[in-house]
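Below, chains carry the letters A, B, ... as their sequence lines are ordered, and counting in each starts from 1.
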Amino acid sequence: MKITAIKGMSDILPPESSVWRGVEEKVRQIFDSFGFEEIRTPIVEPTELFVRSVGETSAIVEKEMYTFEDKKGVSLTLRPEGTAPVVRAYIENGLQAKYPVAKLCYFGPMFRYEQPQKGRSRQFFQIGAELLGAESPMADAEMLILLKNIFSGLGIEDVRFEINSLGCAVCRPKYLEAIHGFMKGKEKKFCDDCQKRAKKNPLRILDCKKEPCRELTEAVSTISDFWCEACRKHYREVRGLLLAGHVPFKENTRIVRGLDYYCRTAFEVLCDRLGAQNAVAAGGRYDGLVKDLGGPDIPGVGFAIGMERLTLLAPLIHDSRPTIHEPMFFALLGSEAEQAALSVIQELREKSLRVESAYGGSLKSQLRRADKLKAKWVVILGENEVKKGVAIVKNMHDGKQNEILMGRLVGELSK
RNA sequence: GUGGCUAUAGUGUAAAGGUAGCACAAGAGGUUGUGGUCCUCUUUGUACGGGUUCGAAUCCCGUUAGCCACCCCA
């Protein structure tokens, strides 16, 4: 009985981990350019945090959370998303007093108990960004521009941006009422799922993929008919800024978010290469959330990118640190040679050079190893060399080799 | 949670109820201590548990996992 990873949670091994690192490095550079700083929050939070923010009737809270009791009987939950913990930390640490506008980003695992498939696992990684304290459409637009920079920075050109406005606490209720009114008397014509949605999350009906439901909802007035003047203006300005910022987008009045806290701007970044799970990033504005969680009345806007999906789209990105290429290799024969080499190896590594060696084996096998590691320089040290106080330095590209005094080795190799 | 497809060395693939094989990868060696090409050798496998059968990788059932779709979402 071997022990295996649990369903929906996978290991990220080399060389794939190199893609992850390359992607993360690139994204961090771009975050830097926008002034976002990293926040690291715990992976476990009180269950109530997600119930109150994501929403009791959301699919996440209803059936997807990893919830358990600790030894004192307190209900804890493995975070299913990143925004609520960041907002909790923002309030708890009084960041509104420290930053007029807080720009925070995070990288880390999220957990949802779902049926795994490609691009969807139970532990999955997200890269997220939250901008707190700005109500201006400029904030919404910058988040989308930031996303655009990330995708183009990674060489991903075949994504499309879709945006919508979900209205606010003033105008959205009126729209929900209109949907209910529209459905009245013809509930039976909708699919089972939509009949459930009518009660829990009416907006989702617009998102149904079944043809009969789509046809029925063609006749529903779109949310744009219900926007209040403030929402209308906000949305118009966001679109104007996106045009100015060269973010190509498509308006899609059927975009709905699965989390209750969103209002006004909602957006998704989609790609056809991902199959059914075609969203690689999504986000929106959440102006009431900070207040709902017990903080001051501060607006926010944010997004999350699915790391697994992102690496699926950018498989050619790799860790680009120069030191990992062309390592030096020390072929050591016998324990005396190992002892003699150690301080030289240490000095070279202190200069951030990559130094490899085998852990035993014949000279032949050690050189084979050096070749596989693509080492350019190999230092050969055996009994004869130790006695003479020299080392053989071999250039693997042209096969030439020279004897170098041990004392001059570091200088020669770090040239 | 629902439905469908799949499961053979590390990877990719053969074996149509009768000896589990091939390629690549990995490791050792090819006369004292010199890599790549080449040659030889070696390691590693029928996901797990039952059943049918003289005999199962192959047929059946269950479990697990992966994939595809629904649901949902990143």
Side-chain angles (χ1 to χ4, degrees), chain A residues 1-10 13-15 54 58-65 80-83 107-128 147 159 191-194 196-197 200-201 204 207-210 255-259 267-271 274-284 302-313 329 331-334 337 358 360-386 392-401:
Chain A
M1 54 170 278
K2 54 186 172 183
I3 300 175
T4 58
I6 64 183
K7 181 172 179 163
M9 306 202 183
S10 57
L13 308 170
V54 175
S58 66
I60 289 175
V61 171
E62 274 197 336
K63 51 181 192 184
E64 293 177 0
M65 293 205 302
E81 62 104 32
T83 301
F107 303 75
M110 305 294 162
F111 302 84
R112 290 182 202 172
Y113 194 89
E114 293 190 276
Q115 210 50 246
Q117 65 187 75
K118 197 184 204 72
R120 188 175 72 186
S121 44
R122 291 184 173 178
Q123 171 176 281
F124 58 101
F125 286 75
Q126 285 190 335
I127 297 173
L147 274 171
V159 288
C191 68
D192 294 351
D193 289 322
C194 279
K196 281 179 214 153
R197 290 180 182 122
K200 289 178 179 167
N201 195 341
R204 292 229 75 92
D207 208 26
C208 187
K209 285 173 186 164
K210 296 199 179 71
I255 285 185
V256 165
R257 311 273 44 246
L259 291 71
F267 51 84
E268 293 183 352
V269 184
L270 308 169
C271 183
L274 294 169
Q277 310 303 319
N278 64 348
V280 61
F303 64 74
I305 307 172
M307 189 64 184
E308 286 81 358
R309 295 178 190 183
L310 190 60
T311 55
L312 237 36
L313 297 181
F329 191 95
L332 305 170
L333 302 167
S362 66
L363 180 58
K364 187 190 200 68
S365 68
Q366 292 196 45
L367 283 171
R368 258 208 267 257
R369 181 100 199 110
D371 191 60
K372 276 191 190 110
L373 290 168
K374 296 191 171 68
K376 181 178 180 189
W377 298 104
V378 174
V379 176
I380 300 168
L381 202 56
E383 283 175 36
N384 301 339
E385 287 74 24
V386 173
I392 296 170
V393 174
K394 177 171 175 130
N395 181 328
M396 294 293 272
H397 290 1
D398 59 19
K400 289 178 184 160
Q401 59 185 49

Hey, does [X] reach any base, or is it just sugar-phosphate, or nothing, if we go heavy atoms under 4.0 Å?
{"X": "A:Gly399", "value": "base"}
{"X": "A:Ser365", "value": "sugar-phosphate"}
{"X": "A:Ala282", "value": "sugar-phosphate"}
{"X": "A:Ser58", "value": "nothing"}
{"X": "A:Arg112", "value": "base"}
{"X": "A:Gly128", "value": "nothing"}
{"X": "A:Lys394", "value": "base"}
{"X": "A:Gln401", "value": "base"}
{"X": "A:Ser121", "value": "base"}
{"X": "A:Glu385", "value": "base"}
{"X": "A:Lys364", "value": "base"}
{"X": "A:Gln115", "value": "base"}
{"X": "A:Gly8", "value": "sugar-phosphate"}
{"X": "A:Ile380", "value": "base"}

Those residues that, when tested against A:Glu308, pass salt bridge (charged side-chain N to carboxylate O under 4.0 Å, His left out) (two or more places apart) =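 A:Glu308 satisfies salt bridge (charged side-chain N to carboxylate O under 4.0 Å, His left out) with no other residue.
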- Residues which pass salt bridge (charged side-chain N to carboxylate O under 4.0 Å, His left out) with A:Arg309, listed by chain and number, not counting sequence neighbours: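 A:Arg309 satisfies salt bridge (charged side-chain N to carboxylate O under 4.0 Å, His left out) with no other residue.
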Taking the same atom, [atom1], in [N] and in [M], what whole-Å distance lies between them?
{"N": "B:rC68", "M": "B:rG12", "atom1": "P", "answer": "15 Å"}
{"N": "B:rG21", "M": "B:rA15", "atom1": "P", "answer": "15 Å"}
{"N": "B:rG4", "M": "B:rA74", "atom1": "P", "answer": "29 Å"}
{"N": "B:rA25", "M": "B:rG45", "atom1": "C1'", "answer": "15 Å"}
{"N": "B:rU46", "M": "B:rA9", "atom1": "P", "answer": "8 Å"}
{"N": "B:rG66", "M": "B:rU8", "atom1": "P", "answer": "14 Å"}
{"N": "B:rU53", "M": "B:rG30", "atom1": "C1'", "answer": "49 Å"}

Taking side chain to side chain donor-acceptor pair (under 3.5 Å) as the definition, give me every residue that meets it alongside [X], ordered by chain and number, with sequence neighbours left out.
{"X": "A:Arg204", "answer": "A:Asp207"}
{"X": "A:Glu62", "answer": "A:Lys200"}
{"X": "A:Gln115", "answer": "A:Lys7"}
{"X": "A:Ser10", "answer": "none"}

Check every nucleotide of RNA chain B for an atom under 4.0 Å from a heavy-atom of chain A, then give the first and the last such nucleotide from 5' to 3'.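 So the outermost contacting nucleotides come out as B:rG1 to B:rA74.
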To the nearest 0.5 Å, how far apart are [atom1] in [X] and [atom2] in [Y]?
{"X": "A:Arg257", "Y": "A:Glu268", "atom1": "CZ", "atom2": "CD", "value": "5.0 Å"}
{"X": "A:Cys271", "Y": "A:Gln277", "atom1": "SG", "atom2": "CD", "value": "13.5 Å"}
{"X": "A:Lys376", "Y": "A:Asn395", "atom1": "NZ", "atom2": "CG", "value": "5.5 Å"}

Which pair of heavy atoms, one from A:Phe329 and one from A:Ala375, lies closest together, and at what distance?
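Smallest heavy-atom distance, with atoms named: CB-CB, 3.9 Å.
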Item to complete: Would you please name every residue forming a ring-ring contact (aromatic ring centres under 6.0 Å, His included) with A:Phe124, sequence neighbours left out?
Response: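 In terms of ring-ring contact (aromatic ring centres under 6.0 Å, His included), with neighbours along the sequence ignored, A:Phe124 is linked to no residue.
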* Asked: Pick the nucleotide of RNA chain B nearest each of A:Thr4 and A:Arg257; which residue has the one closer to the 5' end?
  ->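 It is A:Thr4 whose nearest nucleotide is closer to the 5' end.
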RNA chain B in dot-bracket form (Watson-Crick or G-U pairs under 3.5 Å, [ ] crossing, | inter-strand) is (((((((..((((....[..)))).(((((.......)))))....(((((..]....))))))))))))....
